[in-house]
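Quick notes on the structure that follows.
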Amino acid sequence: MDVKNVIAGAAVLVIGAGISTYSVVNYDLGTFRQMGRGMFPAGVGLVMVLCGALILIPALFRGGGQMPRVGVRAAIAVTAAMSLMAATVRPFGLAPAIFLMTVVSSFADTKLGIFAAMVLGVILSLACYLVFGLLLNMTITFFNWPF
Amino acid sequence: MFEDMFGYLSIGMATALSPPNLMFCFIGVLIGTIVGVLPGIGPLAAMSMLFPLTFHIDPTSSLIMLAGIWYGTTYGGSTAAILLNVPGTTSAAVTSLDGYPMSRQGRAGVALFMTAVASFIGGSLGILLMMVLSPVVVAYALRFGPPEYFSLILMGFIAASTISQGSPVKSIAMVAFGVFLGVVGLDVNSGQERFTFGMLDLLDGISLIALAMGLFGIAEVINTAHGFEGEPIRARDITFRSMLPTADDRRRSKGPILRGAAVGSFFGTLPGTGPAIAAFVAYAVEKRIARDPSRFGNGAIEGVVAPESANNAADQTAFIPTMTLGIPGSATMALMLGALMIQGISPGPGLMTEHPELFWGLVMSFWVGNVMLLVLNIPLIGLWVRLLTVPYHILYPTILMFIAIGVFTVNYSSFDIWMVVLFGVLGYLMRLGGLPAAPMLLGYVLGPMMEEQFRRSLLIARGDLMTFVHHPISATILVLTAMILLFGLYRYYRNPTAAEDA
């Protein structure tokens, strides 16, 4: 069983089925003469179901393919970093957000120590203020304190 | 028609040579070269990052800059390929086959010089072709109606899915998903929302920037952050004198450069193919017709200049279908169209006549850009070589910063950043599963247009699905599409191991 492609095929199939079902149930399909808003998504979902099946079924019978190396550490670090930025940029301003993001994202690999990461964070926030705030004169709040 | 041509060229030159546009062209090609030299970031990621900037500048300048990045990366990509055997762009992969051996023979300077020259000549021929062919295509295209457009878009999707590497079925699935993402938001025809799940932020649809940056930027960073091992380059003395080719080199290069340009120009116009395929085919052609094929792979200069000429020619001709028909042949072209659409310009055959300064300004800026690149790549080559020594673990937080700021400054909304995170994770998962992201972008940009044309065709034909076959041009396109699909499937299933790649 080619596990990688089984998962990929199944995912495509399930998502496609979800899209089609949601469109048929919730949106007006209309007729071919006068298409409603649901007809196109329903069709697209159907295409995905078909493709998903075409990926899934041969993979069930095919010999083992290689499972890819999952960079869990990198994925979590980058995701956490960007999420942290999304959460802090409005309440706390851009500069702290960039700083936090840089420090957290440095966990993705082992080469940058926490101290060096903080230094880089300060440099980047400063660069960001200089380039976007002063040079390009954009109206972004750089520092904010919500309490 | 040719008296008009002179008028167009003058408008174009005036637009391209205006100081702001010169500056944007330079910024574009400079960034393009840097991005091309650095392995790990591609033109799509770079263009996505600069995309938000295009809101604040006018459409012509935006396109000039984005285009500069696009063809600039091709010039830079060969540098790392020759020096490190690590291509900076996929189209440069073939260049490393003979370029790296040349560099080990101490002829790196010559290889770098000749690739710059070959790129310039290839690019110039591509531009000439674009100048001559575009008015012709436009004249023809004005006869297209909704059924023809629908069929063309469908053909573009199928071609992009089957001709490039990887499983055609996976690519088609991704195109479909991309179309779905394009549908999210307000439906133009009925005024009702689709798939917004009550979230007001989604009423305007999913932001193209968030999608592009997440899929290509973030996913790429996650992918390379943990595994990047770069061989340190010894900043060797690449003096100007050591770069000059011998008479033998010059003699051997003439034919390959011209043949490469021809191959490249052809493949550039086709949807789904691009500079990478053009480069491969050009290399294969040279090897086939060489008097001594065993030289290839051991530092044959023909194997270096032909692909480089081809990929630059393909870069330029790729604009032909995009600018004349409004049908992009690749994800990067789709991004450029997205830039136009956001500014309120609808691409299509009318573009050339409604906005001549945009079209011809862009074409003339190609000349300007190519000359700038020639200058950047020959004397400044030492600078780029030094760039390759920047450690990646400092680089990627900077990339993340650019992505975050780029997305945030569009609407000052943190929702957009959350979208980037979402698509970043999705993009990474897709890579793990071998599901290609580029077709998804294509589907997203063209999906709404496809639905529009489909609806219109059916409205006019009063619900008759056969209308797509009754219109002769549309029918021809559909038959071609079917042939491309069948050929692609056949070719893939005959040789599945060679093609499995994300």
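On a predicted model such as this, the values are computed, not experimentally measured, just so you know. Just so we're on the same page: letters track the sequence lines, and every chain starts at 1.
- Looking only at heavy-atom pairs under 4.5 Å with chain B, the residue among Val44(A), Asn26(A), Leu94(A) that has the most is Val44(A).
- Most heavy-atom pairs under 4.5 Å with chain B: of the set Ala116(A), Ala8(A), Ala86(A), Gly52(A), this distinction falls to Ala86(A).
- With a 4.5 Å cut-off on non-hydrogen atoms, Met174(B) touches chain A through its side chain but not through its backbone.
- Contact annotation for Ala97(A): neither backbone nor side-chain heavy atoms come within less than 4.5 Å of a heavy atom of chain B.
- Remark: Ile55(A) CD1 to Leu435(B) CG distance equals 6.0 Å, nearest 0.5 Å.
- Annotation: the span from Ser167(B) atom OG to Asn5(A) atom CG amounts to 8.0 Å, rounded to 0.5 Å.
- When the candidates Val49(A), Leu54(A), Ile7(A), Leu124(A) are compared by the number of heavy-atom contacts under 4.5 Å with chain B, Leu124(A) comes out ahead.
- Residues of residues 9-21 of chain A placed with any heavy atom under 4.5 Å of a heavy atom in chain B are listed by number as Val12(A), Ile15(A), Ile19(A).
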Enumerate donor-acceptor pairs with a distance under 3.5 Å from any side-chain N or O in residues 417-425 of chain B to protein atoms, sequence neighbours excluded.
none

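- Within the 4.5 Å cutoff, side-chain heavy atoms of Arg37(A) are placed close to those of Glu193(B).
- The most heavy-atom pairs under 4.5 Å with chain B, out of Val89(A), Leu50(A), Asp28(A), come from Val89(A).
- Heavy atoms of other residues, nucleotides or ligands lying less than 6.0 angstrom from CZ of Phe115(A) number 12 at most.
- No donor-acceptor distance shorter than 3.5 angstrom exists from the side chain of Arg194(B) to the backbone of Ser23(A), with no hydrogens or angles considered.
- Atoms CG and CE, on Leu120(A) and Met401(B) in that order, are 9.5 Å from each other to the nearest 0.5 Å.
- Using a 4.5 Å cut-off between heavy atoms, Val169(B) touches chain A through backbone and side chain atoms alike.
- Considering only heavy atoms from C-beta on, Phe408(B) stays 4.5 Å or farther from Met85(A) through its side chain.
- At a threshold of 4.5 Å between non-hydrogen side-chain atoms, the residues Leu400(B) and Met82(A) count as touching.
- Note that CZ of Phe40(A) is 9.0 Å distant from CZ of Arg455(B), once rounded to the nearest 0.5 Å.
- Only the side chain of Ile98(A) comes within less than 4.5 Å of a heavy atom in chain B; its backbone stays farther off.
- Taking the six-membered ring where the residue is Trp, Tyr27(A) and Phe195(B) present perpendicular rings, their angle passing 60° and hence far from 30°.
- Using a 4.5 Å cut-off between heavy atoms, Thr31(A) does not touch chain B at all.
- Closest of all the heavy-atom pairs between Ala176(B) and Met48(A) is CB-CG, 3.6 Å.
- The distance from atom CD of Gln34(A) to atom OG of Ser190(B), rounded to the nearest 0.5 Å, is 11.0 Å.
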